[in-house]
Every structure is written in structure tokens, then in C-alpha cells.
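Read the structure below first, then the notes.
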Amino acid sequence: MPHCRFCLDIPFRDLPNENEEGFPHQPTLDALRESAKSCKLCKLILWAAGCYLTSPGGIVMSKPSEELPDGRKFMTQVFEGMYDTKGVMRGFSNGAVVMNMGSAQAELGEPRSVDLDARFPRGSYVRPWLYGNWYISPYRDRHPLLVGLGIRLGKGAMLDEAEGNSETDVFIKGTYLRIRTDEESEFSAIVPGRLRTDFQGSEIAFQRVHKWVEECDRGHDCDKNHSCGKNRDSPIVPTRLLELGEQRDHYLALSHSWGLSHRITTTKGNIVKHREGINVAQLPPTFKEAVLIARKLDISYLWIDSLCIIQDDFSDWEHEVSRMGNVYAHAYLTISALSSADDASGCFRNGCDIKFASTQNPHISCDSWTTGFTAIPLAAGLVIGERDNAVEVRRFREMATLGDPKSRLYVTCEWMPPSLKDDPKYYLVGRFGREVDPFEHEPLNKRAWTLQERLLSPRTLHYGSQEMYWECQYCVLCEDGALMTREFPTMEKVVASRYPSGGDQPRHDIWHKLVQEYTGRHLTRDQDKLPALSGLANLMASKTGDRYMAGLWGNNIIKDLYWSVEINEPSHRCDDSEHDATIPPATKAIVKRPAQYRAPSWSWAALDGKIEYSHLNEKGIQARCLDIQLSPAGKDKFGRVQLGWMIIEGPLYLLHQVEWEKERYKRVFKFTISVELQSGTRTKKFGSGHAKFDDETCFPSFALMLDNEHALILRANGMRTFTRIGTVSLVRMSEVNHPSTSAGLVMQGKNESEKLGWSVEDEQAAGIADGSPQIVTLF
């Protein structure tokens with residue numbers, strides 16, 4: 001379908017901004033209707049004109065009065081998307097706005113549109129006016145970037161003359177048509193959008209990978225000394241590497257899921273044979289494609305854990321696992337088989353597979369994802385290859401292609417929030433919407449071992465189920481051209497977060513966030529809980545000089561102790577029970593205990609289940625750690641633990657369960673228990689709070705205060721020996737410096753019958769639980 005002369009004459013490089021005088025297109029709406037029968041771009045422009053006349057909904061920002069060249073002033077209402085700037089509030093197309101603490105989501109489907117035939121009968125004098133959506137580059141030069149093509153209908157070119165606007169109220173709505181181009185096009189410098197490749201192992205895909213490597217090597221036009229390029233000489237060499245060809249200095253590392261498929265491994269029985277050579281044809285698809293990637297990048301060596309570690313030799317396995325941090329940290333590049341569930345799945349996603357290229361598994365760009373706006377799945381096509389000096393594209397939706405191979409542009413259906421000349425947005429996902437993690441639901445991201453592999457790798461090439469991604473210390477680049485800041489921490493940020501900060505504000509501790517994510521991931525062998533982080537722990541200890549203790553750190557030990565099993569109990573602020581139906585149900589992470597001892601109870605590694613950290617009051621710390629002893633199960637002091645205990649001093653109380661003050665609390669708080677802190681003799685009450693047990697609710701139990709508001713819940717093993725079983729946070733607390741001077745509430749004497757169910761150990765512990773500092777041992 002050829003394009004009309006009006007579309008061919010669109011000055012894409014010089015399109016005006018949305019709040020400027022529009023560029024004239026077809027002379028009338030009737031002419032646009034007629035041209036849309038034969039011109040693909042006119043057909044898309046007609047569709048976008050109908051969308052523009054609706055109210056997008058979501059978050060709307062009011063801007064002060066603006067003055068036009070003729071002196072007129074008007075207020076502008078700017079549609080920003082479905083998330084506010086902090087990502088806390090989410091709007092919907094129907095105008096509803098709710099609190100949303102979950103991950104970013106886009107509404108799937110067609111954006112709402114006005115019936116133009118009903119609104120503008122034939123003969124109506126309105127015409128289409130075009131404008132561009134100009135963002136600015138986050139790179140050093142801050143040059144303008146064209147991301148979208150906008151269309152509004154009106155009798156005149158000015159914004160206030162557009163249909164739906166008035167002389168006093170003007171709406172700025174963004175663009176409903178997305179512009180993309182090819183890498184070799186003359187528009188590539190000003191149009192960031194690209195089409196994804198149909199097959200990630202194609203020559204076009206490798207051309208993009210080469211370009212990413214080159215851009216990263218020269219510093220992304222930002223800081224040529226940024227850290228992702230520092231280790232390219234690979235000063236540290238792994239014990240074993242797969243040699244792929246002519247010897248050079250660099251090696252690649254593979255991050256992959258083992259899964260349960262048949263795989264080849266190195267063992268004591270075949271290591272001599274493997275040293276003689278491994279037939280590439282015998283490798284599973286994931287390994288075979290990793291070899292291809294290395295050869296395409298002209299890299300001579302490849303590190304794969306299952307082949308470079310002797311899997312049935314525990315001594316070798318333990319030694320190599322402890323060094324994995326250095327293996328990934330000094331790799332030239334890490335290959336991430338992000339979408340593969342096992343070694344048989346391969347690295348490359350093939351768009352021809354209906355599993356990946358259908359509405360059953362729809363692709364939504366990160367740009368749409370971050371805005372939360374209604375998005376059309378598979379709006380942009382996939383590049384298949386080149387034929388006769390032209391790019392061959394597989395389309396799923398209506399798409400217009402303009403220009404010759406040197407100036408080709410693709411126009412697709414996708415809304416982008418407005419970026420104005422006097423207030424431009426950076427083209428950076430997360431800056432014009434909510435932060436997005438495109439790896440969130442990928443199989444590899446659910447595997448515990450790969451957390452340290454991703455964090456320690458200076459540069460990673462991810463092969464995802466929807467597209468390829470480049471992640472380095474500076475940014476994350478998506479195959480479709482989207483640019484994101486790297487939200488996943490780097491090693492430098494993790495180390496920096498472990499040092500104390502001044503002031504009253506809680507310190508941003510990245511280690512805690514890493515542990516929270518790590519405990520939500522899966523392990524094939526539960527005894528790998530600590531070894532799967534040992535490489536990271538080893539490097540952190542060498543950089544900080546801190547002592548690592550079964551997942552916790554000596555310089556931050558009291559704060560590291562205050563973790564709890566993740567509980568989510570949504571609530572509302574009224575007493576109307578009918579409103580309970582509007583909130584999601586309460587949830588608690590599933591907790592499992594390993595069959596064999598793995599860590600002391602005060603370590604999160606003692607159980608399987610997602611945990612969460614809460615801040616302690618630095619100025620209110622009441623506990624102090626006197627000693628910690630750990631017995632490693634092997635030679636790696638950062639790996640498996642055979643036995644451990646801690647001597648800690650802090651105020652100790654008896655914990656007693658009480659009824660919730662309001663009936664609705666019983667309905668909302670399914671897992672949190674209302675408790676009181678009492679003296680062991682139960683003659684005084686010192687405070688009340690909320691208890692979260694790791695597993696089953698257990699009384700009698702005891703509270704060891706960490707600061708003036710938070711405590712560990714302990715189960716007595718003897719007079720001064722305990723096991724950690726949960727946490728408690730206080731809502732009311734009396735002075736507890738000394739029981740005799742506290743404002744505790746005197747209670748009834750304890751009846752002997754109430755002792756039923758108390759063990760000798762409980763009675764002994766109750767004897768010292770008087771609110772004063774006690775020295776106890778936690779196992």
C-alpha cells in the first residue's frame with residue numbers, strides 16, 4: 001500500500017511540539033478518511049485522531065497559565081500516565097485512582113476511541129494537525145529524541161483551537177503513534193525506538209550485540225571511566241575454562257538454569273576426557289548457543305559452572321563456588337540465558353514460535369509498561385532479516401513503513417506521555433513512569449544462584465523471552481530501543497550501603513534488599529542456601545573487612561537480626577465490614593524447614609521462605625552482641641554451616657497474647673498477633689505490640705529488645721538459652737530502665753493452673769524476664 005504525498009512530506013526532523021503550532025496534514029477530515037483507504041499511515045493517523053479525543057484518565061497534572069504569542073492565556077491539563085512520579089498512586093482509564101505498591105502493570109487492549117463518523121459528519125470543516133513528541137537524551141549531549149507522532153483535529157493550528165480544548169482549558173495528551181527506525185537509518189541518532197529481532201541468533205541480532213559492546217567500551221558517551229569497562233583485561237583467570245579457538249585474553253561466563261533436563265557435567269570420572277576435548281554437537285542447546293555467542297564476539301574462552309567445576313568432588317566444588325564471585329566479576333561479558341528453564345531450552349528466543357509471538361504471551365514494551373497505559377500487545381513487528389537491500393518485517397498489527405533503507409521509519413500504535421519543549425522528559429524508563437524490572441517473571445530470575453551472578457557481572461547480555469537486553473554498570477538497554485537506569489544494585493553500591501551514615505534517617509541498606517529478593521528465589525538443593533551467596537559474601541568481606549556470619553554482617557549485626565517472614569495484610573481505615581471485600585486477602589510467605597541443619601535460628605538462612613527487613617532506630621539500640629561462633633561444614637567460611645550460636649545482651653520480657661482491640665482487626669490481621677510485654681511473674685505490663693511468628697504461633701515465648709520499639713521473639717531452651725521464632729514491633733511502651741521504677745500496670749497474681757503447658761525451660765526463662773538487660777545465648 002503506497003503512501004500519500006502528505007505523509008511522504010511529513011518533516012519528521014522538524015515536527016513541532018504538542019503545545020506549538022501544529023503541522024498541517026490532509027486539508028480536511030474527509031480527505032483523511034478517503035486517503036486512509038489506500039495509505040497505511042493515514043489509516044493510523046485517523047485511528048490516533050479518534051483516540052486523542054477521549055480522556056486518557058490516570059494521573060493529570062495542572063500547569064500554570066501559559067501565554068500564547070497573541071497574548072491569550074490558558075491553563076493546561078497534562079496527562080502523565082497511570083502512575084504518579086513516585087509510583088505510589090495508580091490511575092485507571094475510568095478515572096479511578098488507587099494506592100499501588102506492586103510492580104508496574106499495563107492494561108492490555110485497545111485504547112478508547114471516539115467514533116469520528118458520528119462526531120464529525122461528512123462535510124465538517126476540521127483538518128488533522130501533526131506534532132512530535134520530543135524527549136531528550138539522558139546522555140551527555142542531551143540531544144532531542146523523537147519518540148512519537150501526534151495528531152489532533154481542529155479548525156486552526158494552535159493547541160487551544162483543537163477539538164476538545166477551549167480558550168481557557170487545554171489538554172495535553174501525548175501521542176498515540178510510536179516512531180521506530182533501523183540501526184543503519186539516518187534517523188537512528190534522533191529516533192531511539194527499534195524493532196525487535198524475530199530470532200535472537202540471527203545476524204541482525206548479533207549486529208546489535210556488537211554495537212552494544214562497542215558503545216559500552218567507549219563509555220556510552222557519558223563517563224569513559226565508568227566501572228563496567230574496568231575489568232576487560234581479565235586479570236583473574238578461573239581454574240578451568242572451555243577453550244574455543246585461537247587464544248586471547250578474555251573469557252565469557254554463562255548464567256543459566258540447570259533445571260531437570262539431561263545435561264553434561266564434569267566429574268571425577270570424565271575430567272581427563274573433557275580435557276582432551278568436548279564435542280560441541282554433544283552439548284545441550286543452551287551451552288551450544290553460548291559457544292556460538294562467544295565465537296561471534298571473537299572471544300576465545302567460556303566459563304560454564306557445570307563443565308568447569310568437578311560436580312562430584314565436594315572439595316573442588318566448595319573451592320570453586322567460593323571463587324565464583326571473582327569469576328563473574330572479571331568476565332569480559334556474562335551471557336544470561338534469561339528465558340531458559342533448563343539447559344535444553346537454549347539461549348535464543350525464536351519469534352516464529354507461537355508461544356512467544358502470540359497474544360497468549362503478548363509483548364508489551366517497557367515504555368508502555370512504565371506508564372501503565374492501555375497497550376496493544378505486539379504493536380510493533382519483528383525484524384526477520386534483510387532481503388534485496390531491504391529489511392523484512394513480520395507484522396502482527398497495523399504498521400506503516402516509510403522511506404528507503406537509509407531513512408526508514410516505522411509507525412505503530414503505542415501511547416507515550418507528553419514531553420514539552422519547556423519541560424522535556426528524559427527518555428529513560430522509570431523517569432516518565434514507574435520503575436520497571438523486565439526480568440521479574442523470567443525463569444532465570446527465579447533461581448537463587450543467579451542473584452550474585454547478575455550483581456557481580458560488570459556487563460551482562462540477557463536473552464529474554466521477549467527481547468534481548470544489555471545491562472552494565474551504567475544502564476539497561478532494551479532491544480526495542482528503550483533505555484533504563486540500572487535499578488539492580490552494583491557491587492560498589494552494596495559495599496557503600498554497609499557503612500554507617502549520619503543523621504536520624506534510616507540507612508539505605510542494599511544488602512537487606514538483596515536478601516529479601518534472594519529468599520524469594522528457588523534452590524534445587526536446600527543445602528545450597530549459603531553457598532549460592534558465598535562468592536558475593538567473599539568479595540564483600542575482602543572489600544569491607546567485615547566479618548560474615550551465616551548471611552549477617554558483624555558491623556551491622558543488631559540490624560541484620562531484625563528480619564521476619566514476609567506478611568502482606570492489606571487494610572482500610574474504616575469500620576465498615578463490607579469494605580473488606582474490596583481489599584486483597586492477607587498472605588504470608590510459605591515457610592519450610594530444611595531436613596538437615598543449615599544455619600542458627602537467628603539467621604534467615606535457617607528457613608526457606610521469603611523474608612523482609614524493617615528498619616531499627618539507630619539511636620534507640622538496646623541490644624549488643626557479645627560473641628558469635630560458627631563452625632563451617634567445610635573449608636569455605638562463607639558457605640555451609642555445621643553449628644552456630646550467639647551471645648547477646650538486651651532487655652528480656654515475657655510475651656503474652658491478648659485480644660485485638662477492635663473486631664475488624666481480627667478480620668484484617670490474619671497472621672499478626674496482638675501481644676503484651678509482661679514481667680515473667682506476670683505482675684507488670686510494660687507495653688503492647690504486634691507479633692509475627694516465623695512459622696507456628698508459640699506461647700509462652702519471650703521478647704528480647706533490639707531497640708526501643710522492636711524485639712526478637714524467642715522460645716526458651718533453658719534459663720539463658722533460646723531459639724529465635726519471630727519478631728515483635730511495639731505500639732505502646734512504658735519506661736523500662738528498671739522494673740521497680742517503671743510505669744508498668746500491676747496485674748492479678750498468676751494462678752497455678754495457668755502454668756499448664758509451661759516447660760521447666762519456660763519457668764527458668766520467666767525467672768529472668770523482668771525487663772532488665774539479660775545475657776542470653778541464641779542457637
Side-chain angles (χ1 to χ4, degrees), residues 561-562 564-565 567 588 591 593 597 600-602 606-607 622-623 644-661 666 669-706 710-734 736 738-740 742-779:
L561 286 171
Y562 195 66
S564 58
V565 173
I567 292 176
K588 180 179 180 179
V591 175
R593 301 281 177 177
Y597 181 90
S601 66
W602 42 264
L607 52 79
Q622 296 187 2
W645 48 265
M646 169 190 295
I647 298 178
I648 187 171
E649 181 181 33
L652 187 68
Y653 299 90
L654 174 67
L655 206 59
H656 179 66
Q657 183 176 3
V658 295
E659 291 292 324
W660 285 104
E661 294 179 355
K666 296 180 182 180
F669 298 111
K670 300 293 186 182
F671 304 105
T672 301
I673 309 297
S674 180
V675 294
E676 289 180 348
L677 271 63
Q678 302 177 354
S679 63
T681 58
R682 295 190 62 191
T683 57
K684 290 186 177 182
K685 169 187 169 183
F686 294 100
S688 59
H690 303 153
K692 297 181 179 180
F693 288 88
D694 297 338
D695 203 347
E696 299 296 328
T697 301
C698 177
F699 291 101
S701 51
F702 301 84
L704 180 81
M705 300 300 298
L706 298 179
H710 306 90
L712 298 182
I713 303 177
L714 309 179
R715 184 180 63 235
N717 300 329
M719 181 183 294
R720 295 189 179 274
T721 59
F722 296 86
T723 299
R724 176 230 140 93
I725 58 173
T727 59
V728 60
S729 60
L730 304 183
V731 293
R732 289 189 297 273
M733 193 66 178
S734 305
V736 294
H738 197 279
S740 62
S742 71
L745 174 65
V746 178
M747 304 182 68
Q748 293 285 334
K750 182 170 56 176
N751 190 291
E752 289 298 319
S753 63
E754 293 180 15
K755 291 187 178 181
L756 292 177
W758 281 40
S759 66
V760 174
E761 290 80 6
D762 294 329
E763 290 286 359
Q764 291 175 341
I768 61 172
D770 59 2
S772 63
Q774 300 292 331
I775 297 176
V776 299
T777 302
L778 305 184
F779 284 96

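Basis for what follows: all heavy atoms, side chains included, without hydrogens, waters or symmetry-related copies.
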Measuring from atom NZ of Lys684 to atom CD of Gln678, what distance do you get when rounded to the nearest 0.5 angstrom? 13.0 Å
Quick one: side-chain hydrogen bond (donor to acceptor under 3.5 Å, both in side chains) partners of Gln764, sequence neighbours excluded? none
Determine the minimum heavy-atom distance between Tyr562 and Ser729, stating which atoms define it. OH-CB, 3.8 Å
Among all residues two or more places apart in sequence or in another chain, which pass the side-chain hydrogen bond (donor to acceptor under 3.5 Å, both in side chains) test with Glu761? Ser759
In chain order, what residues pass the side chain to side chain contact (heavy atoms under 4.5 Å, CB included) check against Ser674, with sequence neighbours excluded? Val658, Trp660
Looking only at heavy atoms, the pair that brings Trp758 and Ala766 closest together is CZ3-CB, 3.8 Å
Sequence neighbours left out, what passes side chain to side chain contact (heavy atoms under 4.5 Å, CB included) with Arg724? Give chain and number order. Trp563, Ser601, Asp694, Leu712, Leu714, Thr727
In sequence, state the C-alpha distance, the side-chain angles, and the governing distance for Leu561 and Ile648, and then conclude on side-chain contact (heavy atoms from CB on, under 4.5 Å). CA-CA 11 Å; Leu561 286 171; Ile648 187 171; 3.9 Å; yes
Look up atom CD1 in Ile768 and atom CZ in Arg720, then write down how far apart they are to the nearest 0.5 Å. 4.0 Å
Please assess Ser701 against Arg715 for the test side-chain contact (heavy atoms from CB on, under 4.5 Å), listing each intermediate value before the final yes or no. CA-CA 5 Å; Ser701 51; Arg715 184 180 63 235; 5.7 Å; no
Do you know the tightest heavy-atom contact between Asp770 and Phe686? O-CZ, 4.0 Å
Report the residues that fulfil side chain to side chain contact (heavy atoms under 4.5 Å, CB included) with Ala769, sequence neighbours left out, ordered by chain and then residue number. Leu652, Phe702
Can you tell me how far the CD1 atom of Ile725 sits from the CG atom of Leu607, to the nearest 0.5 Å? 12.5 Å
Taking side-chain hydrogen bond (donor to acceptor under 3.5 Å, both in side chains) as the test, write out the residues that go with Arg593, two or more places apart. none
Let me confirm one number: the CD-SG distance from Gln657 to Cys698, rounded to the nearest 0.5 Å. 11.0 Å
Residues which pass side-chain hydrogen bond (donor to acceptor under 3.5 Å, both in side chains) with Thr672, listed by chain and number, not counting sequence neighbours: Glu569
Got a sec, which residues hit salt bridge (charged side-chain N to carboxylate O under 4.0 Å, His left out) with Lys692, two or more places apart in sequence or on another chain? Glu612
So, for Asp695 and Lys588, which heavy atoms are closest and what is the spacing to 0.1 Å? O-NZ, 3.3 Å
Pairwise distance NZ(Lys685) to NE2(His656) - rounded to 0.5 angstrom: 10.0 Å
Does any part of the side chain of Phe699, heavy atoms only, come nearer than 4.5 Å to the side chain of Ile673, both counted from C-beta? yes
What one should report as the nearest heavy-atom pair of Tyr597 and Gly644 is OH-N, 3.2 Å
Step-by-step side-chain contact (heavy atoms from CB on, under 4.5 Å) determination, Leu655 to Leu677: CA-CA 5 Å; Leu655 206 59; Leu677 271 63; 3.6 Å; yes
Drop me the distance from Thr697's OG1 to Phe671's CZ, to the nearest 0.5 angstrom. 10.0 Å
Tell me every residue that passes side chain to side chain contact (heavy atoms under 4.5 Å, CB included) with Thr777, counting only those two or more places apart in sequence or in another chain. Trp645, Ile647, Thr721, Phe779
Testing the basics here: between Gly771 and Pro651, what is the closest heavy-atom pair and its distance to 0.1 Å? O-CB, 3.5 Å
